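I have a structure I would like to understand better, so I am pasting it below and will then ask my questions one at a time.
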Amino acid sequence: MTTDRSKELFKRAKRVIPGGVDSPVRAFGSVGGVPRFIARGKGCRVWDVDGNEYIDFVGSWGPLIAGHANPSVLKALRAAMALGTSFGAPTELEIELAEMITGALPSVKKLRFVSSGTEATMSALRLARGATGRERVLKFEGCYHGHVDALLLGAGSGVATLGIPGTPGVPASYADLTIQAPYNDIGAVQQAFERWGNEIACVVVEPLAGNMGCIPPRPGFLKALRECCDRSGALLIFDEVITGFRLAWGGAQKLYRVKPDLTCLGKIVGGGLPAAAYGGRRDLMAQIAPEGPIYQAGTLSGNPLAMAAGLATLGELAKEGTYERLGAISKRMAEGLAEIAREVGVEFTSVAVGGAFGFFFHPGPVHNFADAQQAHAGRFKPFFQSMLEQGIYLAPSPFECGFASLAHKDRDIEAALAAAKVAMRKAARVR
Ligand SMILES: *Cc1c(COP(=O)(O)O)cnc(C)c1O
């Protein structure tokens, strides 16, 4: 596999963009090698600038659940584009997408569109603080909620991948308001509430953790969070930027039957264009300007192209049997990988929930970030590199999920597993 052109572009990019990338994990820092500069995508495949073809399990980190260059999404985009790209005035598409989302997530009565998941969590946090008159926030180690000042402490995703502290540039007075607990540890949450109960504005949680690998909530964990919040008057915020429309049509809250007060969405709701949203209880959302006093705004919020792509993507997901299909793909990937690891004799654990899957070079179980960090440090890198060399594009970090799309066919999954047999042997050589 030649990567000359990617190498050349990476060198050029590094001169004008920090690390050569616009989001840190893209630089392949923890897996080594040259990040592939992508030229185009179609279905479940992407092609890099050197002409190499890959079966893609990243899907732009989740949004492309309907596949690259999905015909319905492109058609909707062309139609919207022909009418103009942005107006800074309300449009009908925003209402349509808002209605579709509120129809799917019963806890979301009203929502506000923003342009990124970071904006969604930042705004939900401001709303929680404004509505409760409290300042502290409780989050979980290894959960990532975008690069919001108050939520970077102990963050997953790139912060975990790079092993950086997550606080340079964040005023200590902000960080001091953030309480951290281990994921899935309700005892630690109860202790925090005993200590700071009436100062905690909200608990922010990924209802399935997707930024420290893929770690599902243990039975009862989310319900217990709900109870802690109710007892103290804190709000429960589900960051469903990954899980919304990926685990189920109604997101993690539908799957696990726990109702948050506020929900953050992103990734899939923009269908590959920049759109995200936060929403929830009617009385809370009524406090957002101009209905209420808590300010939040955006020049490109509710952008018609992004709304069109989101609507078309959700339209694809609303079809019969899509979640069964997504579930079957991730399950086959997770089980197939575990089977190969068993054959090769590598300590390994994997999981699949809806359209997401994950794995660790760890005997399991993995319930939190500390467990995830105990995974074999050296094995992911050769595994990843071998997969990539064989044309299988996984997230370039052990702290991310794998994402299934409606465009993956059975033969794509079997091709990925055939490659994994080779890659697993390479991983096994690392002691
Ligand atoms: C990706 C992600 C975000 C941030 O979204 P951006 O659009 O990258 O700002 C927030 N929360 C979770 C759970 C995410 O996975």
Side-chain angles (χ1 to χ4, degrees), residues 21-27 57-65 105 112-126 128 137 139-162 166 178 183 202-217 222 236-247 251-253 255-256 260 262-279 296 298 300-303 306 309-310 313 353-358 369 372 395-397 399-403:
V21 291
D22 283 316
S23 200
V25 184
R26 294 181 197 172
F57 290 97
V58 179
S60 188
W61 302 92
L64 296 185
I65 195 162
L105 288 88
R112 169 63 61 79
F113 285 113
V114 291
S115 299
S116 71
T118 296
E119 265 186 275
T121 54
M122 179 185 80
S123 309
L125 182 57
R126 181 177 305 140
V137 46
K139 78 173 287 285
F140 295 92
E141 289 157 10
C143 281
Y144 177 69
H145 305 289
H147 58 93
V148 178
D149 279 342
L151 301 176
L152 266 182
L153 221 69
S157 190
V159 180
T161 305
L162 301 177
T178 305
Y183 195 72
C202 58
V203 171
V204 184
V205 66
E206 287 182 72
L208 168 142
N211 286 289
M212 47 174 153
C214 183
I215 304 183
L222 298 174
L236 180 59
I237 303 179
F238 275 7
D239 179 351
E240 294 226 39
V241 171
I242 284 183
T243 55
F245 295 98
R246 177 160 292 281
L247 301 196
Q253 52 195 269
L255 188 66
Y256 298 117
L262 293 171
T263 298
C264 300
L265 296 165
K267 300 196 167 108
I268 289 173
V269 298
L273 272 82
Y278 67 101
Q296 183 273 312
L300 292 175
S301 295
N303 174 267
T313 299
V353 183
F357 64 91
F369 191 44
S397 160
F399 298 118
E400 306 285 350
C401 280
F403 292 132

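Just so you know, these numbers come straight off a predicted model, no measurement behind them. Both counts, for ligands and for their atoms, begin at 1 and track the order of listing.
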Next item on the list: Write out the residue and atom name of the closest protein heavy atom to atom 8 (O) of ligand 1, then the distance separating them to 0.1 Å.
Entry: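 It is Thr118 OG1, 4.6 Å.
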
Checklist line | Approximate separation, where rounding is to 0.5 Å, of Leu125 CG and Ile237 CD1 | finding: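 So the gap between those two atoms works out to 6.0 Å.
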
Check: Of all the atoms in ligand 1, which lie at a distance below 4.0 Å from a heavy atom belonging to Ser116?
Finding: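 Per the distance check, 7 (O), 9 (O).
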
Next item on the list: To the nearest 0.5 angstrom, please state how far the NE2 atom of His147 sits from the OG atom of Ser23.
Entry: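 If I round to the nearest 0.5 Å, the distance is 8.0 Å.
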
Next item on the list: Using a strict cut-off of 4.0 Å, indicate which atoms of ligand 1 neighbour a heavy atom of Ile242.
Entry: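 Answer for ligand 1: 15 (O).
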
Notebook entry, point to check: Is it true that a side-chain atom of Tyr278 and a backbone atom of Val114 form a donor plus acceptor pair closer than 3.5 Å?
Noted result: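 Absent.
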
Notebook entry, point to check: For the side chain of Glu240 and the backbone of Ala252, is there at least one donor-acceptor N/O pair under 3.5 Å apart?
Noted result: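 It does hold such a pair.
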
Check: How far is atom 1 (C) of ligand 1 from its nearest protein heavy atom, and which residue and atom is that?
Finding: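 Looking only at protein heavy atoms, the one closest to atom 1 (C) of ligand 1 is Lys267 NZ, 1.6 Å.
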
Next item on the list: Return the residue, atom name and 0.1 Å-rounded distance of the protein heavy atom closest to atom 11 (N) of ligand 1.
Entry: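 Atom 11 (N) of ligand 1 sits closest to the protein heavy atom Asp239 OD2, 2.6 Å.
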
Next item on the list: Please check if the distance between the ring centroids of Phe140 and Phe369 is under 6.0 Å.
Entry: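 Distance test on ring centres: not under 6.0 Å, no.
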
Note to self: For Glu119, state whether at least one heavy atom is located under 4.0 Å from any atom of ligand 1.
What the structure shows: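 Not so, Glu119 does not reach ligand 1.
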
Checklist line | Test side-chain hydrogen bond (donor to acceptor under 3.5 Å, both in side chains) applied to Arg112 and Gln296, step by step | finding: CA-CA 9 Å; Arg112 169 63 61 79; Gln296 183 273 312; 3.1 Å; yes

Checklist line | Part of Glu206 with heavy atoms under 4.0 Å of ligand 1, whether side chain, backbone, both or neither | finding: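 Just the side chain.
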
Checklist line | Interfacing atoms of ligand 1 (cut-off 4.0 Å, heavy-atom, Asn211) | finding: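 Selected atoms, number and element: 12 (C), 13 (C), 14 (C), 15 (O).
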
Next item on the list: Consider every N or O of His145 and every N or O of ligand 1, then say whether any pair is closer than 3.5 Å.
Entry: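 N/O-N/O distance under 3.5 Å: no.
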
Next item on the list: Give me the one residue out of Ile242, Asn211, Val241 that meets side chain to side chain contact (heavy atoms under 4.5 Å, CB included) with Tyr144.
Entry: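 Of the listed residues Ile242, Asn211, Val241, the side chain to side chain contact (heavy atoms under 4.5 Å, CB included) partner of Tyr144 is Asn211.
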
Checklist line | Side chain Lys139, main chain Gly154, donor-acceptor under 3.5 Å | finding: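 Checking the backbone N and O of Gly154 against the side chain of Lys139, a donor-acceptor pair under 3.5 Å is found.
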
Note to self: Show the atoms of ligand 1 that are less than 4.0 angstrom away from any heavy atom in Gly146.
What the structure shows: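 Numbered from 1, ligand 1 contributes 3 (C), 4 (C), 10 (C).
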
Item checked: Per-atom contacts, ligand 1 versus Tyr144 - under 4.0 Å to a heavy atom ->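 What qualifies from ligand 1 is 11 (N), 12 (C), 13 (C).
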
Check: Among all protein non-hydrogen atoms, which one is nearest to atom 7 (O) of ligand 1, and what is the separation to 0.1 Å?
Finding: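 Minimum-distance protein heavy atom for atom 7 (O) of ligand 1 reads Gly117 N, 2.8 Å.
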
